[in-house]
Chemist: 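The structure's right below; bear with me while I get my questions together.
Within every chain, numbering begins at 1; the chains are lettered A, B, ... in the order of the sequence lines, protein sequences first and strands thereafter.
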2 protein chains.
Amino acid sequence: MAAGVSTATVSRAVRGIPGVSAATRERVLKIVERLGYVPSSSASGLASGRTMTMGVVVPMIDRWYFATALGGADRALRAAGYDLMVFNLGGAGGNRERVFHRSMLRKRIDALLVMCMSLTEEELVSLRALDSPSIVVGSNLEGVRHVSIDDPVAVKDAVEHLIGLGHRDIAHLQGTGEYGFDFSVPLLRNEAFEATMQAHGLPVRPEWTALGNFRAADGKAAAARLLDDPGNRPTAIFASSDEMAFGVMMAAAERGIRIPEELSVVGIDDHELSEPAGLTTIRQRPDEQGAFAAGLLLAELAGAARVQPGIQPHELVVRKSTAPPPSPVTT
Amino acid sequence: MAAGVSTATVSRAVRGIPGVSAATRERVLKIVERLGYVPSSSASGLASGRTMTMGVVVPMIDRWYFATALGGADRALRAAGYDLMVFNLGGAGGNRERVFHRSMLRKRIDALLVMCMSLTEEELVSLRALDSPSIVVGSNLEGVRHVSIDDPVAVKDAVEHLIGLGHRDIAHLQGTGEYGFDFSVPLLRNEAFEATMQAHGLPVRPEWTALGNFRAADGKAAAARLLDDPGNRPTAIFASSDEMAFGVMMAAAERGIRIPEELSVVGIDDHELSEPAGLTTIRQRPDEQGAFAAGLLLAELAGAARVQPGIQPHELVVRKSTAPPPSPVTT
DNA sequence: TTGAAAGCGCTAACAG
DNA sequence: CTGTTAGCGCTTTCAA
């Protein structure tokens, strides 16, 4: 080598491995710097079996939750010198199978983060067959470790906030898995909504159950149906995501329905726009969930024992979209 | 090998390279499938010099523009069998230098997409030193190829829409580079705003120039100042991003200022929420820009000649946030 | 503390 | 059409 030392020494020096004298290390590092040398990740990956790369599977990279969680995971990875490889299932197009079956499966990543979707039995098998550690973020898949909030409790907190305000006529704007991705989250939230209503002796009216797919546009369309039924309009709407709650606010605004005087709205997420929009919601922190999950995997790669993560925190944030229901016109 | 053929033949068969009989190929593929064999990317990367991975540098992964562009790029990459490695500069924390200097620099990716930020001279040098093809998305950096809309014209279209409606008192909600990332886009848009106003003989009032950083919360705060100056309030606001325009709408709603009757708002982006929000805006398609740029790089990796991409399209989408100005109280 | 040598699992000539 | 043979640029024993 240029420094008059062997490749082995360079390797040790660059990686900060003990067994090199301080003087030699410094000399090597200086030359490395001057030459702009960067080790080939392919070569070191091949030789060592470690790629220093973590894979993250996301159903859709451009949704708020996933993008935010990805940012959090990335933060943890960068701090540890790991690279981030993103496998976007990308909505409809079917590279889902390919992702799970081929490219990522082996020798490309050291660990895998799966964002918030339910997996087929076959995919679960692939996941377990992967010798790399893996974890799911944002969803509580049975049989797989996951990092997520306690969805049932989060829903309960949101709905009970409404009930505590005096609402009895509460509609639910559900989320649905889209593109056949079957997030397990929406189902959980639906069940929790019904359970909470029942626990308080409140009816769950079928005509007050609307479907969106976690997006504002759908939320708006769904809310339109709820709001255009005069004389039979709910006094409050619980939306399974903030983005759908925005849709409700937009639909209400177009109809001149005042929030919160005539209609209360509560969501889940604490989306970036929720604060300026004044939306009361259940806050969760996808970035911290992502970072936490990535950190867990990183620790395992560093030799730590496999741990079972606890539930992530959520919190009711009361803003300006909820208030007691209007006094009934007829009693 | 298990199939009684050489590794070379397996390699050829798996990669679909000519020079293998159909019968052999089929036999090999079947066994490969049965064994669940997946080639090691490190090994093939080392041997071939191609990693089948494209790098994407983003200033912040969780902003709408970047996440959407990333999704588009990913779509193109997956279709070509490439993997996506994301380098998130992640706001403040300074792994910017590390990204440009070390990990990605060599041997980790075959090509590089840089999202929408201005680079230091040193970074430009690193970029060119990279033997891999590269391209910038969303910004027009001098000296580097880029895929983007014609920002000055986009701004002009937005402002002239307002002027055409009869507005003369137009405020500008500027974006600023945040975290020292110095997007070059905001400056361009500022200049274009002033140029357009001047071309129409309209004044650019300093007190009607507000700063946000492309986010709704900032847009709202900045708009507050604009709207709380009674008797000297603009009749229209041009926001350099849709998210800031949402902030304007929220600030107006809180003050009971009706849009578009009392205040017109126009943005740039056509953010996912713009349609349900009824925001008039200049539409651009970050996903297509990302896909286009990735496709260009992919073509070059496949041997195509280096091309200079053209300007990407934008389009005025008139919705419900713009209307003629209110009749002046005094004339 | 350092160097030599043997692979890691592939691909890419070159033969056959 | 298929097999053989060298490496690709590291890491990792094992000696020195």
Chemist: Tell me whether B:Arg25 contacts the main-chain N or O of B:Ile17 through its side chain, where contact means a donor paired with an acceptor under 3.5 Å.
Modeler: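 Yes, because the side chain of B:Arg25 sits within donor-acceptor range (under 3.5 Å) of the backbone of B:Ile17.
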Chemist: Is there a side-chain polar atom (N or O) of B:Ser21 under 4.0 Å from OP1 or OP2 of D:dT2?
Modeler: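 B:Ser21 to D:dT2 OP1/OP2: side-chain N or O found under 4.0 Å.
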Chemist: Through what angle, rounded to 10 degrees, does the axis of the helix from C:dT1-D:dA16 to C:dG16-D:dC1 turn between its ends, using five pairs per end?
Modeler: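 Result, rounded to 10 degrees: 30°.
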Chemist: Check nucleotides 4-8 of chain D against the protein and report each pair of N or O atoms closer than 3.5 Å, with its distance, or say if there are none.
Modeler:
{"residue": "D:dC8", "atom": "O2", "partner": "B:Ala47", "partner atom": "N", "Å": "3.2"}

Chemist: Quick one: does B:Asp287's side chain have a donor or acceptor within less than 3.5 Å of a partner on B:Ala69's backbone?
Modeler: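 Judged by distance alone, no pair lies under 3.5 Å.
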Chemist: If we ignore angles and hydrogens, is there a donor and acceptor under 3.5 Å between the side chains of B:Arg145 and B:Ser134?
Modeler: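 Judged by distance alone, the side chains do not pair up.
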Chemist: Side chains of A:Gln289 and A:Gln284: do they bring a donor and an acceptor to under 3.5 Å?
Modeler: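 Short answer, yes.
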Chemist: In whole angstrom, give the distance that lies between atom CD1 of A:Ile17 and atom C1' of C:dT1.
Modeler: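 In whole Å, C:dT1 C1' lies 14 Å from A:Ile17 CD1.
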Chemist: Just checking, is any N or O donor in the side chain of A:Thr176 or A:Asn213 under 3.5 Å from an acceptor N or O on the other one?
Modeler: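 No, no side-chain donor-acceptor contact under 3.5 Å.
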Chemist: Measure the distance from CZ on A:Arg50 to P on D:dT11 and round it to the nearest whole Å.
Modeler: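 To the nearest whole Å, that distance equals 9 Å.
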Chemist: Please determine if B:Arg75 and B:Glu288 form a salt bridge, counting it only when a charged side-chain N lies under 4.0 Å from a carboxylate O.
Modeler: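 Salt bridge flag = no for B:Glu288 with B:Arg75.
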Chemist: Whole angstroms only, please: what is the CZ-P distance between A:Arg15 and D:dC10?
Modeler: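 The answer, rounded to whole Å, is 11 Å.
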Chemist: Base, sugar-phosphate, or nothing for B:Thr24, non-hydrogen atoms under 4.0 angstrom?
Modeler: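 Sugar-phosphate: the residue B:Thr24, judged by heavy atoms under 4.0 Å, touches backbone atoms but no base.
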Chemist: Under a 4.0 Å threshold between the charged nitrogen and the carboxylate oxygen, would B:Arg63 count as salt-bridged to A:Glu272?
Modeler: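 Salt bridge between A:Glu272 and B:Arg63, a charged N being under 4.0 Å from a carboxylate O: yes.
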Chemist: If we count only N and O atoms by modelled type, under 3.5 Å, do the side chains of B:Ser6 and B:Thr9 hold a donor and an acceptor together?
Modeler: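 Yes - a donor-acceptor pair under 3.5 Å links their side chains.
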